[in-house]
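Remember, it's a predicted structure, so these values are computed and weren't measured experimentally.
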Amino acid sequence: MKKTLLNTGHAHSDVVTIEMMPRTEYCRKKNKLSVFYSYITTPFGRMWIASTAKGICLMGLGNDEDNFLNEIRLRYPNVLLTKQSTHEHKNVRKLFSNDWSDISPIHLYIRGTDFQIKVWNELLKIPVGKISTYGEIAKNIGRPKSSRPVGNAISKNPIVYLIPCHRVICSSGKMGGFYWGVHAKLDFLNKESHSTKKINGYTNWEPTLF
């Protein structure tokens, strides 16, 4: 029997919140912001996590530590990096289990524009096992003619999986882009697709072979 991988039907907004990191935090030359990074093993492979004392600031997929460090430096140019697993990193691992009752709140402290933060907050509302479209996200944030800017904001998402941009596809049914590759997007969606319960405003994702 295929084991249910995730807590289907729930939205990440149940446990995840977002706060914008001001430029003064990651650009200061003195008293540099401390960032701790490590990786966790998930059903989707290795995920690297970086966090400050105020929350998680970056999360990426892959095995290459140097690539992740370069990504941190690109987004947060003047921070002080320390390789160290924290309670926040270990807590994120629980999001990939069937039972979310033991998860502590996950706070994201990330660089982004007001518009990007608004889009990313909307993505948190998409339940596990469901999908939305760029047009629906634009409509939900009160910008119905902004599908393209919404897509651009989604492409800049700094937190893989926790901000579930993989649950957004084109209204035509095409997959759309994904920073970590379309194969990873399909893997995420297919492994999440265990719930047949209907939720207003969203569509069930059906496992696909393409």
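For the residue pair I40 and V92, the shortest heavy atom distance occurs at CD1-CG1, 3.9 Å. The two residues S146 and A138 make their nearest non-hydrogen contact at C-CB, 4.0 Å. In terms of heavy-atom proximity, Y26 sits nearest to P77 at CD1-CD, 3.7 Å. In terms of heavy atoms, T17 sits closest to H107 at OG1-ND1, 2.8 Å. A pairwise comparison of heavy atoms in S171 and T133 identifies CA-CG2, 3.9 Å as the closest pair. Contact detail for K94 and W100: the closest heavy-atom pair is O-CD1, 4.0 Å.
The backbone N or O of I163 lies less than 3.5 Å from a partner atom in the side chain of N157, making a donor-acceptor pair. Proximity of a side-chain donor or acceptor of D187 to a complementary backbone N or O of H183 within less than 3.5 Å is not detected. The main-chain N or O of M175 is found under 3.5 Å from a side-chain atom of K185 such that the two form a donor-acceptor pair. Checking side-chain atoms of W120 against main-chain N and O of A153 turns up a donor-acceptor pair under 3.5 Å. Side chain of S85 to main chain of S38: no donor-acceptor pair is present (N/O by atom type, distance under 3.5 Å, no hydrogens or angles). Looking at R111, its side chain does come within 3.5 Å of a backbone N or O of R75 through a donor-acceptor pair. No donor-acceptor distance shorter than 3.5 angstrom exists from the side chain of W180 to the backbone of G60, with no hydrogens or angles considered. No side-chain donor-acceptor contact under 3.5 Å links N91 to the backbone of H87.
Distance CE/M47 to CD1/I159: 11.5 Å, rounded to 0.5 Å. Separating the CD atom in E71 from the OH atom in Y76 is a distance of 9.5 Å, to the nearest 0.5 Å. Here the CG atom belonging to L108 is positioned 9.0 Å from the CG atom belonging to N121, to the nearest 0.5 angstrom. Taken to the nearest 0.5 Å, the CG atom of L80 stands 12.5 Å off from the OG1 atom of T52. Between K156 atom NZ and I110 atom CD1 the span is 14.0 Å, to the nearest 0.5 Å. Considering CD1 of I56 and CD1 of I106, their distance stands at 6.0 Å, rounded to 0.5 Å.
More than 12 non-hydrogen atoms from other residues, nucleotides or ligands lie less than 6.0 angstrom from CZ of F68.
With contacts defined as side-chain heavy-atom distances shorter than 4.5 Å, the pair Y37/I72 qualifies. Under the 4.5 Å side-chain criterion, counting only non-hydrogen atoms from C-beta, L123 is not in contact with R167. Put simply, the side chain of Y109 reaches to within 4.5 Å of the side chain of E25, judged on heavy atoms. By the 4.5 Å heavy-atom criterion applied to side chains, E65 and Y39 are not counted as neighbours. Within the 4.5 Å cutoff, no side-chain heavy atoms of E19 are placed close to those of I117. Residues I141 and V150 have side chains in contact (heavy-atom distance under 4.5 Å, counting atoms from C-beta outward).
Neither M21 nor F36 shares a network with the other; the hydrophobic side chains, linked directly or stepwise wherever heavy atoms of I, L, V, M, F, W or Y lie under 4.5 Å apart, form separate groups for each. Put simply, L124 and I126 are part of the same group of oily side chains (I, L, V, M, F, W, Y) that touch within less than 4.5 Å, one to the next.
In this pair, H12 and Y161 present their aromatic rings tilted. The plane angle is within the 30 to 60° band. Using cut-offs of 30° and 60° for the angle between ring planes, the F188 and F178 rings count as perpendicular.
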H166 vs L189, side chain to side chain contact (heavy atoms under 4.5 Å, CB included): CA-CA, chis, key distance, verdict: CA-CA 7 Å; H166 62 279; L189 290 171; 4.0 Å; yes

Please walk me through it: do T41 and R46 pass side chain to side chain contact (heavy atoms under 4.5 Å, CB included)? CA-CA 5 Å; T41 302; R46 178 177 291 188; 5.5 Å; no

Going through the distances and angles, do N78 and K29 end up as a side chain to side chain contact (heavy atoms under 4.5 Å, CB included)? CA-CA 6 Å; N78 288 313; K29 300 290 180 67; 3.6 Å; yes

Run the side chain to side chain contact (heavy atoms under 4.5 Å, CB included) check on W205 and L186 step by step: do they pass? CA-CA 10 Å; W205 172 260; L186 281 169; 3.9 Å; yes

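A donor and an acceptor atom, one from each side chain of D99 and S97, are nowhere located under 3.5 Å apart.
Of the charged side-chain nitrogens involved, none lies within less than 4.0 Å of a carboxylate oxygen, so that D114 and K118 do not count as a salt-bridged pair.
For R143, there are no salt bridge (charged side-chain N to carboxylate O under 4.0 Å, His left out) partners two or more places apart in sequence or in a different chain.
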